[in-house]
Each structure stands twice: as C-alpha cells, then as structure tokens.
Protein chains: 2
Amino acid sequence: MRHPSEAPPSRGEFAATPRRSRPVRVAEAIKDWVVEKGLKPGDRLPGEAELIARFGMAKGTIREAMRILQAQGLVTTKTGPGGGSFVGEVSADRARALLGNYFFFKQVSIDDIYQLRIALEPELAASLAGRLTEEQLGALEAILELYAAPAADATEERDQHVASLRFHATLARFGSNALLAFFVDFMAGILTDLTVYQRLYAEPNLELWRQGRSHQIALIDALRRGDAEAARAIMHEHMTLARRLMEDQEAVVMKRFMQD
Amino acid sequence: MRHPSEAPPSRGEFAATPRRSRPVRVAEAIKDWVVEKGLKPGDRLPGEAELIARFGMAKGTIREAMRILQAQGLVTTKTGPGGGSFVGEVSADRARALLGNYFFFKQVSIDDIYQLRIALEPELAASLAGRLTEEQLGALEAILELYAAPAADATEERDQHVASLRFHATLARFGSNALLAFFVDFMAGILTDLTVYQRLYAEPNLELWRQGRSHQIALIDALRRGDAEAARAIMHEHMTLARRLMEDQEAVVMKRFMQD
DNA sequence: TGGAGCAATTTATCATGATCGATTCAAGGG
DNA sequence: CCCTTGAATCGATCATGATAAATTGCTCCA
C-alpha cells in the first residue's frame, strides 16, 4: 500500500482508529455496509478483486476479513464463476456452537440446566397449545415411536435419550418466539452432547422411561386440544421429574467445544 | 444437531477430507488440540512460524485460521517479544454479539423478549435471595440512585432506562448459574440496544418510573432478607408491569448487528 | 439435423512464499 | 530516570500459481 497505486477514497473512517487490525476493521466495515444497504441473505457481496480495489488493501488482508465474517456465519463464499461472497443467515447450529464456546470454561451443572428448562419449557409448551398443525403433531408422535419400548441396554438407552431430547428440540423449533425456541434448543443440544460424549444417562432407568413417555403423550394431547394450562403443567411436571432423576448423576460440566 | 453417525471419522490428517477449506481445518485442529491438552485461558499457543512448520502450510493459511479463532473469541494474539497467540476465554460481550447476529434476520418482538424475561428474571431473583454480599447489594442500590428522580426529558428518560436495564444485567452477573445469567444479560443487552439505537422508551412514563423503582427497592430488600419467594413474586410483578407498558410501543424487531 | 455427452475455457476463490513494515518489550547508555 | 536501541513477533503486501465450478463449444452418434 505504500505504492503509487494507493487509492484511499472511502478510508476516512479507518485512519482514525488504527487500534484494531485491518482485517477486523474491514470486516466491520462490510457488516455496516450490509446493514446500511439492507441486504438480505443470499445477496451478493463484492468479489475479492473489487474489495481489494475498494479498500486499497492487499488480498491477504481482505481474505482474513472474509474469514472473520465466515467464522461468525454472516457470509458464505463459493468458488468458480458466479461465485463470490454472499450474505448468509446465521444457522441455528452455528449459533449454538458459538454460544457453546462461551460456556466452555464456565462451570455449568446439570442442575443449572434444569433450572432453566423448568422455567422455559413449560412456557414454550403453553405458547404452542392449539397452534400446531396435524403434521407437526405427527412429527412429534413419530419421535415418540422411537422409544415405544423400554431400552434393553446402555447403548439403546442412550439413543432413546437423544431421541427424547430431539422431541424437545423439535417442539422448540415449532415455536414462533425465536428467542425462546433458541434457548430451549440450545439446552437440548447441551444435554445431547453430554449424553453422546460423556455417557450421561448411562444406566437404563425404567422409571424415567415410563413416566417420561406418558408425560409426552399427555403433552401432545393437550397441545392438540389447545389446552395451554394443561400443557404447561404437564411440561413442568415432566421437567421436575427429569431433574429429580438427574440428581443422582454427577454434576458434569461442559468441557468440550461444540462443533460447527 | 450432531448425531453419532456424523462423528469425525479418521480426521487424523487433512488430505483425507478436503471438504472444508484449509484454514477452517487448521482452526479446528487447533481447537481439538486445545481440548486434548486441556489448555486453559492464558496458555500459550505455538507461534506463527511453528504452526507453519507443524502444518506444512503457508503463512497466509495459518493466519486465516487464527483469524477464525479470534473471531470466535477463542484466542487472542499479541505482537512484540513474548507475544503470540494465547487461549482466551470468550467474553460475555463477544458471546452476546455473536448470538445477536443469529437473531439479526429473525423476527423478535418486544413481547417475545418479555415472555422470556417473565419466565427467567423471577427465577434469577429467587436464586439470589440471601446470597448477595453487602457490597453487591450496595452496587444495585447505587444504580437505583441514577434514577432517584423522574426524568425531565426524553434524553434523560432514555438514560434512566439504560441504567434500569443495567440493574438487571448486574443482577444477572451476580448469579451462580452461568446459563441463566447469560440469558438474562443477553435480553437486557437487546433492550439496551433497542433503547439506545431505536428510540424505544421515547416518551417519559411517570407510571413506569414510580412503580418500577418501588419494585426494585422492594426487590433489594427481599434479596437482603433472603426471602426467595418474595423476590420471585416482586420480580414477576415488575416484569409483568413492564410488559404491559411495553404493549403500547410498536413491536420493533432486531435489525442491527450488535457490536463486539 | 438434432442433441447428449464431454472437454476446454473462463472466472472466481484458494493457497504459497518471499519481503518489508509495525509493534512491543527489555536492556543499556546518556 | 528517561529514552534510545535492538531483537522478537505479528501484520501486511505482492506476485504467482493452484484449484474449483459454471459456461461454452465441440464432437460424435442416432
């Protein structure tokens, strides 16, 4: 950039704040630009070459800036003709992974998770009563079929618990409150990871299976009837039961990066 | 969600799966390496030069990988002697910003936020009853002093609301449940941004000021006394009041990137 | 003549390596 | 005590080539 080809047209904002590195500043400039222009997911961003010209910076710098935006899930980029960078909606999976990183070094106990589930899941259930299509109710019932019979061994038990958590995650995704849906889904995700990677729920537990399943059957019924208060009460009991049965388990903490 | 079927196969070396770009693969390798070694925040990572040698890749590739990890808040990097890259704990601010990106294109109404606040904040208040030091209680009371008198104009009104939200954010940070604390803090952050950037709470509202303040005073008292149920009830009433007064406001949605 | 398949071209991003600049800390000299 | 100097390390640039994918266009057979 110390060359005659230097072209600093729209760099007035940068010169003032050399505090952060250039790629970071470029990334933020692009973010602001997207907001300003009101671009939507799928819209094209300028290509590498144009950005290089626009910012008057080297290719590597621009590429690092795009990596930042990619890592945050804000843009996706394709190679080839017609390729380039595009505005991308942050996926729920990526958001969960990024948030999971935050909790990596924090101490989060099973009981912490259940304190939240008890507060949130009944609210979610109540808000969905009478608002689900038959197709959606059918999807929930299909998940229930995955553990129609008690588990025979530890492996089967684990799979059933993952399926059971998918029941809650699915319910969450049906919700119209994106915030509530995400939080519930996030916690189901944590528990799924713990189940799969940390051998949580290692012991088959007939009592949890029987009562949990009957709760979920009753819940679907209440949702179909549109009985919000019943749905809330059932979910509350369901969560309270699960928490009680979890008390035996060790207070495992999060100790792994959730993958994108 | 991740299922056992898509568990990482033989990702021992990179050449096997060129599905994702090299920088991404390097970043994940470093993540895994950190987990494997059980490194803690502040621990040193290999320098650029060593990573170049270790992975046999070009400097730019390594740098892009580090940018990815920096964007996720997982590493920080310093120049100069003794510099290099270090494992970094993801800050709450960054986590809020990253999660905020997820909701950027989602429709989130004020009512959605309050549905969650009503469910969570009382729970937080109850869990903190009798668990705060006098210093912490003093910090809360200090915030209260910032709006001891009703606001005179719109600007003052806005500042008072930001301070009021900081009351909730501060309370959240005192909590021992990191999950609950983050969620409450996150929503206070959203409302703060809406207040500052979108002229929410534009009209001085004497009723909200009077009742809100008396609620918070009563809440501090209950917290000091260690009366969990009273704290829960007061916070619930406080949130319900706020939601009711919010119903007049338009159902503004999130439309801006929260800054890092 | 038509068109299905395949290879060459085109247009992007992706990756490399050499080189120079900027920043930081710490040790010595005024 | 300041403050210059120097070494270590990341930061940025440039030129060049590699790789990937959509398009073009050509061949060849029915």
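Just the heavy atoms: all of them, side chains too, but no hydrogens, waters or symmetry mates, feed the values below.
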Open item on the list: Applying salt bridge (Lys or Arg N to Asp or Glu O under 4.0 Å) as the test, list every pair that has at least one member in residues 33-44 of chain A; sequence neighbours left out.
Closed with: none
Task: Nucleotide dG17(C), atom P - distance to CG of Leu51(B) in whole Å - done: 15 Å
Open item on the list: For a 4.5 angstrom cut-off between non-hydrogen side-chain atoms, does Gln115(B) reach Leu180(A)?
Closed with: yes
TODO: Sugar-phosphate atoms are those with a prime plus P, OP1 and OP2; base atoms are the rest. Using that split, label each nucleotide of nucleotides 3-10 of chain D B, S or - for protein heavy atoms under 4.0 Å, 5' to 3'.
DONE: -----BBS
Task: Under-4.0 Å side-chain N/O to phosphate OP1/OP2 contact, Arg22(A) with dT13(D) - done: yes
Task: Exercise: identify the closest heavy-atom pair between Gly175(B) and Leu124(B) - done: CA-CD1, 4.4 Å
Open item on the list: Just the rounded figure in Å: distance from C1' of dT13(C) to CD1 of Ile62(A).
Closed with: 14 Å
TODO: Send over the distance from Glu64(B) CD to dT13(D) C1', rounded to a whole Å.
DONE: 14 Å
- [ ] Kindly confirm or rule out a cation-pi arrangement of Lys106(A) over Tyr102(A), judged by NZ or CZ under 6.0 Å from the six-membered ring centre and within 45° of its axis?
- [x] yes
- [ ] Under the salt bridge (charged side-chain N to carboxylate O under 4.0 Å, His left out) rule, collect the residues that match up with Asp185(B), sequence neighbours excluded.
- [x] Arg96(B), Arg173(B)
- [ ] Round to a whole Å and report the spacing from CD of Glu50(A) to C1' of dT13(C).
- [x] 15 Å
TODO: Give the rounded distance in Å between these two atoms: CE of Met66(B) and P of dA12(D).
DONE: 14 Å
- [ ] Would you kindly give the CZ-to-C1' distance between Arg67(B) and dA12(D), to the nearest whole Å?
- [x] 10 Å
Open item on the list: Can you measure Phe86(A) atom CZ to dA22(D) atom P for me and round it to whole angstrom units?
Closed with: 10 Å
- [ ] Report the distance from atom CE of Met57(B) to atom C1' of dC14(C), rounded to the nearest whole Å.
- [x] 12 Å
- [ ] Evaluate the side-chain proximity of Val90(A) to Gln72(A): yes if any heavy-atom separation is below 4.5 Å, no if none is.
- [x] no
